[in-house]
Amino acid sequence: MTAQPIIIDTDPGQDDAVAILLALACPDALEVLGLTCVAGNVPLDLTTRNARIACELAGRADLPVFAGCERPLRGELLTAEHVHGETGLDGPYLPEPEMPLQPGHAVEFIIETVRSRPEETVTLVALGPLTNIATAFETAPEIAAKLRGIVVMGGTQHVAGNATPSAEFNMHVDPHAADIVMRAGVPLTLVPLDVTHRALVTPPRNAALRAIGTPVGRAVADLTGFIERYDPDRFGEAGAPLHDPCVIGWLVRPDLFRSSRVNLTVETDDDETLGMTVMDWPGAQGRAPNATVLNEIEAEGFFDLLIERLARL
Ligand code: RIB
Ligand code: CA
């Protein structure tokens with residue numbers, strides 16, 4: 001299998017960091033061309049810091065990391081320090097990054113990378129609000145047709161939202177960007193809360209991560225241990241949901257997931273349901289499918305993959 005070239009657009013966040021580590025632990029399957037950072041879980045200066053910390057933890061200080069958009073297309077930035085801590089990467093002690101940020105804007109990196117690569121080879125992996133990617137599509141509309149696809153962590157179907165009762169965080173922070181991406185015609189795969197809330201770092205799984213016995217294993221156990229405290233109160237489940245790593249899991253082992261074709265839209269006007277994703281499974285509204293939405297995960301197989309791969313770093 002040749003490695004699939006990807007750009008990871010991210011707002012680290014502990015779960016983003018684990019996703020970045022997992023992606024870098026799968027060089028046989030994924031060629032990470034670069035990281036583009038966006039404001040989301042924490043402001044942009046911290047997401048760019050945290051992305052570089054993750055790269056250095058993986059031994060990849062060579063990876064190009066870019067700063068992108070510092071606020072959503074409209075309105076003010078909503079962050080999630082109550083989940084991720086003040087730094088966005090609370091939990092383990094990890095040294096400040098030494099690797100530099102790349103000059104140039106993340107949006108330009110996305111545009112120039114897609115333009116310079118063969119048709120339908122690059123996949124965008126979106127782990128945060130979709131501001132950078134929507135801005136790239138608005139700036140250079142022709143790149144949408146050049147992409148192999150886009151895989152997005154976000155949205156929810158049957159599970160309550162985690163930003164508001166009806167909306168998942170990435171969609172709620174920048175619903176207008178999400179709307180642009182959903183309408184762009186790029187083959188889109190969505191990994192919603194319905195799936196990520198079944199990938200819980202339960203205490204035995206956290207112990208298995210720590211038992212890897214390496215700096216990466218210990219850091220991931222501390223990272224997931226930190227974010228665990230938020231969700232059990234809200235969702236009554238023991239363990240941190242590994243939202244963003246599920247995206248990498250699907251890219252590397254799609255056989256661990258089940259999916260359906262749907263018509264996917266996002267609420268961009270109503271304040272009460274801003275960012276709510278609507279997935280027309282049965283075709284009730286008569287709209288053509290525009291997305292593949294994951295709806296099942298083999299959680300044990302996913303954690304086996306995660307632990308086996310992280311142990312390689
Ligand atoms: O709702 C979960 C998503 O929002 C994850 O990507 C998390 O990192 C935050 O960005
Ligand atoms: Ca994220």
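Between Leu200 and Phe303, the shortest heavy-atom distance links the atoms O-CZ, 3.4 Å. Taking both residues in full, the closest heavy atoms of Val42 and Gly88 are given as CG1-CA, 3.5 Å, listed atom of the first, atom of the second, then distance. Of all non-hydrogen atoms in Arg210 and Ala221, the two that sit nearest each other are NH2-CB, 3.4 Å. The two residues Ala23 and Ile8 come nearest to each other via the heavy atoms CB-CD1, 3.8 Å. Between Glu31 and Ala3, the shortest heavy-atom contact is N-CB, 3.8 Å. Taking both residues in full, the closest heavy atoms of His172 and Leu274 are given as ND1-O, 2.8 Å, listed atom of the first, atom of the second, then distance.
Between Arg115 and Glu142 there is a salt bridge, since at least one side-chain N of the basic residue sits less than 4.0 Å from a carboxylate O of the acidic one. For the pair Glu298 and Arg258, the salt-bridge criterion is met [side-chain N within less than 4.0 Å of a carboxylate O].
Ring geometry for Phe257 versus Phe302: interplanar angle over 60°, hence perpendicular rather than tilted (30 to 60°).
Residue Leu264 is not grouped with residue Val173 when hydrophobic side chains (ILVMFWY) are merged at heavy-atom distances under 4.5 angstrom, including chains of intermediate members. Leu44 and Val83 fall into different hydrophobic clusters, where Ile, Leu, Val, Met, Phe, Trp and Tyr side chains are chained together by heavy-atom contacts under 4.5 Å. When hydrophobic clusters are built by joining Ile, Leu, Val, Met, Phe, Trp and Tyr residues whose side-chain heavy atoms come closer than 4.5 Å, directly or via intermediates, Phe169 is not grouped with Phe226. In terms of hydrophobic clustering, with Ile, Leu, Val, Met, Phe, Trp and Tyr side chains grouped at heavy-atom distances under 4.5 Å, Met153 and Val159 are assigned to a common cluster. Linking ILVMFWY side-chain heavy atoms closer than 4.5 Å, directly or via other members, places Ile53 and Leu101 in a single hydrophobic cluster.
Formation of a donor-acceptor pair under 3.5 Å by the Asp15 side chain with backbone atoms of Asp244 is found in this model. In this structure a side-chain-to-backbone donor-acceptor pair under 3.5 Å is present from Arg198 to Asn295.
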Walk me through whether His243 and Asn162 qualify under side chain to side chain contact (heavy atoms under 4.5 Å, CB included). CA-CA 11 Å; His243 303 295; Asn162 58 3; 4.3 Å; yes
Determine, step by step, whether Val186 and Val181 satisfy the side chain to side chain contact (heavy atoms under 4.5 Å, CB included) criterion, reporting the C-alpha distance in whole Å, the side-chain angles of both residues, the deciding distance to 0.1 Å, and the verdict. CA-CA 8 Å; Val186 180; Val181 171; over 6 Å; no
Would you check, one step at a time, whether the test side chain to side chain contact (heavy atoms under 4.5 Å, CB included) holds for Arg117 with Lys146? CA-CA 9 Å; Arg117 294 255 169 174; Lys146 282 205 72 179; 5.7 Å; no
Assess whether side chain to side chain contact (heavy atoms under 4.5 Å, CB included) is satisfied between Asp90 and His84, documenting all intermediate values. CA-CA 6 Å; Asp90 286 23; His84 299 278; over 6 Å; no
side-chain hydrogen bond (donor to acceptor under 3.5 Å, both in side chains) between Thr268 and Asp179: does it pass, once the steps are laid out? CA-CA 7 Å; Thr268 57; Asp179 185 49; 5.1 Å; no
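The closest side-chain heavy-atom distance from Gln285 to Asn263 is not below 4.5 Å. Thr121 places none of its side-chain heavy atoms less than 4.5 Å from the side chain of Arg148.
Note that the CD atom of Glu168 and the OG1 atom of Thr196 stand 8.0 Å from one another [nearest 0.5 Å]. Atom CD of Gln157 and atom CE of Met279 lie 5.5 Å apart (nearest 0.5 Å). In this structure, CD in Glu138 is found 13.0 Å from CD1 in Ile133, a value given to the nearest 0.5 Å. Considering CG of Leu310 and CG of Leu305, their distance stands at 8.5 Å, rounded to 0.5 Å. Between Leu73 atom CG and Asp174 atom CG the span is 4.0 Å, to the nearest 0.5 Å. Rounded to the nearest 0.5 angstrom, Thr135 OG1 and Ile110 CD1 are separated by 8.5 Å.
For the side chain to side chain donor-acceptor pair (under 3.5 Å) test, no residue two or more places apart in sequence or in another chain qualifies with Thr189.
Applying side-chain hydrogen bond (donor to acceptor under 3.5 Å, both in side chains) to Asp11 and the options Asn132, Asn50, Asn41, Thr47 leaves one that passes, Asn41. Exactly one residue among Asp271, Asp270, Asp269 makes a side-chain hydrogen bond (donor to acceptor under 3.5 Å, both in side chains) with Thr273. That residue is Asp270.
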